[in-house]
Amino acid sequence: MSNNPYETFIRQLENGAKVLGIGRDVVEVLKEPERVLEVSIPVKMDDGSVKVFKGWRSEHSTALGPAKGGIRYHWNVTKDEVIALSAWMSMKNALMNLPYGGGKGGIRVNPKELSDAELERLSRGFIDKIYKYLGPDQDVPAPDVYTNPKIMAWMLDEYEKLVGRKAPGVITGKPIIVGGSLGRNHATALGGFFVLREAVKVKEGKNLEGMTAAIQGFGNAGSHMAKFLAEAKVKVVAVSDSKGGIYDPNGLPIDEVKKVKSETGSVVNFDKAEKISNEELLILDVDILVPAALENVITEKNARDVKAKYIVELANGPITPEADDILNEKGIFDLPDILANAGGVTVSYFEWVQNRMGYYWDEEEVDAKLDKKMTKAFKEVYEAMEKYKVPPREAAYVVALRRLVEALKSRAVV
Ligand code: GLU
């Protein structure tokens, strides 16, 4: 009954491997990250003192290509968490058929307590420590929890100074002006929206109009998802962030809530709705539940009380394996993280491709290409669900593992 995300990953890997009947050697290889960098980053604070922060970059697998995945800044980041997140990236990138392995980075820091100048020094300091292992053909970071395009630009700039040449493809999720892709900011949410649309289509033969939704987490992924759902005439009745949630059974005015969040720092300051806790939000009687924050929010403690018909995992690892079993028994259609939030890395891939070509697409083109990729991945997962009679997460692992096994065999690793 552990909530260690690395142990969660191992269980998910074993489950997928069992369905496919793949050998122990492959499982043993994929259990371990290929390389984990652990660094300490001394940062001169604005008051003249020095603080030392711990950071990690884990490259879980490079069998399918350069390691790819974000860097998060969070006060609870641990090495095991970063390793698990990098392993989930390997699965996600394989499932999406991207030419990437999996990587992830993290710094143990509360970015809200740092000034902009301190954050910049921290971000540049992290790159100073790991740049030798990064590169467009080696390891390509991106944003994750509490990191953003501005931070990516600092990191890019530091990397380019150190290597003495321009290398826009070394990092994705950049501001447009330094080689970012249109459509990257909303990509995680839009990808989740596309797979939800497909799931409702195959299950109920209808579109999303008239359904209700609750969204836990109102950062980049959650807030864009709220907008896409509202545009599809879904009633978004509840949203929350780390400070708490708000609820209105008639549907929240998303643009107004967004404004309050950006002006005051939290959705709880929107005063035209009832206040609810994050725990209450997760068990609301809605059609669609979207965990869009951190790991382990649905556990064996609250899974039985979840009432949603569909779950869209915009967060990585929001559901523990015990909770997974309960949700499956209840017949909830849970779109797993490695599928549901893969829109972000998919448009990161498009960004990297555009950087390499030096030729840039308009937003419609990016969104349309994302739709195609997400719909295809959903179909592959759905086919595996039917073929092996397994729930969506196991099916997604099956599709991903097939590609990883083939790559490991071609490279004669196994
Ligand atoms: N951090 C995002 C994820 O977990 C995006 C990674 C990327 O774009 O490389 O998928």
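Start at 1 with the first residue, then count along the sequence. All of these numbers come straight from a predicted model, not from anything done at the bench. One-based numbering, in listed order, for ligands and for the atoms of each.
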Task: Element-labelled atoms of ligand 1 that are located less than 4.0 Å from some non-hydrogen atom of M89 - done: 3 (C), 4 (O), 6 (C), 10 (O)

Open item on the list: Between ligand 1 and G173, can you find any atom pair, the residue atom being a heavy atom, that is separated by under 4.0 Å?
Closed with: no

TODO: Specify side chain, backbone, both or neither for P143, according to which of its non-hydrogen atoms lie closer than 4.0 Å to ligand 1.
DONE: backbone

TODO: Return yes when atom NZ of K150 has more than 12 non-hydrogen atoms of other residues, nucleotides or ligands closer than 6.0 Å, and no otherwise.
DONE: no

Task: Ring-face cation of K369 near W361 (centre distance under 6.0 Å, axis angle within 45°) - done: yes

Open item on the list: Under 4.0 Å from a heavy atom of G344: which atoms of ligand 1 are those, numbered in the order shown and with their elements?
Closed with: 8 (O)

Task: Taking atom 1 (N) of ligand 1 as the reference point, the nearest protein heavy atom with its distance - done: D144 OD1, 2.7 Å

Open item on the list: Under a 4.0 angstrom heavy-atom cut-off, which atoms of ligand 1 come close to K104?
Closed with: 1 (N), 3 (C), 4 (O)

Open item on the list: Looking at non-hydrogen atoms alone, which of S348, A342, A67 comes nearest to atom 8 (O) of ligand 1?
Closed with: S348

- [ ] Note the single closest protein heavy atom to atom 6 (C) of ligand 1, along with its residue, its atom name and the distance in Å.
- [x] G70 N, 3.7 Å

Open item on the list: With a 4.0 Å cut-off on N to O distance, would you call E279 and K301 a salt bridge?
Closed with: no

- [ ] Pull out every atom of ligand 1 sitting under 4.0 Å from any heavy atom of V345, numbered as shown with elements.
- [x] 7 (C), 8 (O), 9 (O)

Open item on the list: With a heavy-atom distance limit of 4.0 Å, tell me whether L85 approaches ligand 1 through its side chain, its backbone, both, or neither.
Closed with: neither

Task: Protein heavy atom at shortest distance from atom 7 (C) of ligand 1 - done: A142 CB, 3.3 Å

TODO: Taking the six-membered ring for Trp and the single ring otherwise, decide whether the centroids of F126 and W56 are under 6.0 Å apart.
DONE: no

TODO: Answer yes when E158 and R124 have at least one side-chain N-carboxylate O distance shorter than 4.0 Å, and no when they do not.
DONE: yes

TODO: Please work out which of R184, K68, K92, E351 has its closest non-hydrogen atom nearest to atom 3 (C) of ligand 1.
DONE: K92

- [ ] Fit a plane to each ring of F378 and F333, take the angle between them on a 0 to 90° scale, and name the class: parallel (under 30°), tilted (30 to 60°) or perpendicular (over 60°).
- [x] parallel

TODO: Return yes when atom CZ of R304 has more than 12 non-hydrogen atoms of other residues, nucleotides or ligands closer than 6.0 Å, and no otherwise.
DONE: no

- [ ] For residues F193 and H224, establish whether the separation of their ring centroids is below 6.0 Å.
- [x] no

